[in-house]
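To keep things clear, I will list the structure first and then write my remarks on it.
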Amino acid sequence: MSAIEDLKSMLKTLNMYHTAEKLNDLLIQSTEKSLSYENFLEKIFKCELNSREQKRLETRMKWASFHEYKTLDEFDLSEQQSLSKRQFNQIKELTWLEQGYNLILLGPPGVGKTHLSVGLGIHAVKSGYKVYFTSMNDLIQLLKTQEILSTSRNKVKRISEADLLIIDDLMFMAMEKHEANLFFQLINKLYGQTSIIITSNKGPEDWGELLGDPAITTAILDRIVHKCEVISLCGDSYRVKHRKTIFCTN
Ligand code: ADP
Ligand code: MG
């Protein structure tokens with residue numbers, strides 16, 4: 001075995017697979033630039049650390065289960081007058097997440113609630129946080145099937161380990177008491193350790209309709225609203241305003 005093959009094998013034994021793969025390139029570059037021993041070692045370790053961070057990021061992104069990829073950079077603030085640039089930058093800083101605050105994004109359909117929540121979620125994943133995105137419907141299905149399905153159990157486990165849970169579209173389908181109870185149990189478990197973003201077209205004062213039981217509603221609201229920022233988005237639907245057409249517009 002050549003010296004380089006020997007080195008690659010040793011790197012693999014040390015679980016430095018990425019560096020083993022890149023070793024030839026790293027050696028050529030370092031020779032060309034006449035790097036010092038110190039800089040060469042730095043290059044080797046940076047190569048491995050960057051690759052590991054990239055893998056962790058990819059795993060966190062996969063686990064987050066975003067239904068669509070919408071970033072904060074793609075969010076056009078001039079289209080959303082109810083959120084000032086200052087407020088936008090403030091929520092982008094993620095201090096609220098660090099401090100365990102929840103966000104409730106309210107507004108009619110098409111004003112960007114899902115876009116903003118996904119954008120914040122992706123930004124949080126890139127900043128090193130564990131995020132889980134789900135619709136309210138899917139969440140209830142997960143909670144109901146966790147006893148019998150290991151896939152649901154694994155997802156519920158990810159939710160409990162997440163720093164941020166995004167519940168998109170708190171719909172107004174009447175929930176059975178058993179379902180509202182499961183939802184309460186989850187909120188209670190996450191309370192104080194996981195931030196939650198909820199998007200909805202109705203405010204907390206109307207959530208009783210969805211959750212049915214007044215006692216459960218109060219208990220859930222109590223925990224969510226305790227440390228919470230409510231952001232009301234308004235205006236016309238972005239979809240309607242920017243409707244695509246198959247006809248020529250001139
Ligand atoms: P909501 O969840 O409030 O119903 P969405 O977030 O799904 O609305 O937005 C509908 C569509 O309009 C999406 O494709 C979204 O990317 C786009 N959109 C909404 N608001 C904005 C905005 N301010 N800037 C860019 N795109 C927007
Ligand atoms: Mg939506």
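Order of appearance sets the numbers: ligands from 1, and atoms from 1 within every ligand. Here, residue 1 is the first one in the sequence, and each next residue gets the next number. Treat the numbers as computed from the prediction; the structure is a model and nothing was measured.
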Show me which atoms of ligand 1 lie under 4.0 Å from any heavy atom of [X].
X    : answer
E79  : 23 (N)
D76  : 22 (C), 23 (N), 24 (N), 25 (C)
P109 : 4 (O)
E74  : 24 (N), 25 (C)
G112 : 1 (P), 3 (O), 5 (P), 6 (O), 8 (O), 9 (O), 19 (C), 20 (N)

Check: Mind checking whether G110 has a heavy atom under 4.0 Å from ligand 1?
Finding: yes
Notebook entry, point to check: T199: heavy atom below 4.0 Å from ligand 1, yes or no?
Noted result: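 Outside the 4.0 Å threshold, so no.
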Notebook entry, point to check: Backbone or side chain, does T114 get an N/O/S atom under 2.8 Å to the Mg ion (ligand 2)?
Noted result: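 Looking at T114, which is the residue asked about, there is an N, O or S atom under 2.8 Å from the Mg ion (ligand 2).
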May I ask you to decide whether [X] forms a salt bridge with [Y], counting only side-chain N to carboxylate O separations under 4.0 Å?
X    : Y    : answer
E5   : K8   : yes
K130 : D163 : no
E48  : R52  : yes

Check: If we ignore angles and hydrogens, is there a donor and acceptor under 3.5 Å between the side chains of Y129 and E98?
Finding: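 Yes, because at least one side-chain N or O of Y129 sits under 3.5 Å from a partner of the opposite role on E98.
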Item checked: Residues S51 and E53: side-chain donor-acceptor under 3.5 angstrom -> no
Margin query: I need the contact type for K70 against ligand 1. Using non-hydrogen atoms and a strict under-4.0 Å cut-off, is it side chain, backbone, both or neither?
Written below: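 For K70, only side-chain atoms sit under 4.0 Å from ligand 1.
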Check: Can you name the closest pair of heavy atoms from I122 and K70 and give their distance?
Finding: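 Closest heavy-atom pair between I122 and K70: CD1-O, 3.6 Å.
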Item checked: Derivation of the side chain to side chain contact (heavy atoms under 4.5 Å, CB included) call for D169 and S200 -> CA-CA 5 Å; D169 244 333; S200 178; over 6 Å; no
Notebook entry, point to check: Does the N or O separation between E68 and ligand 1 drop below 3.5 Å for any pair?
Noted result: no
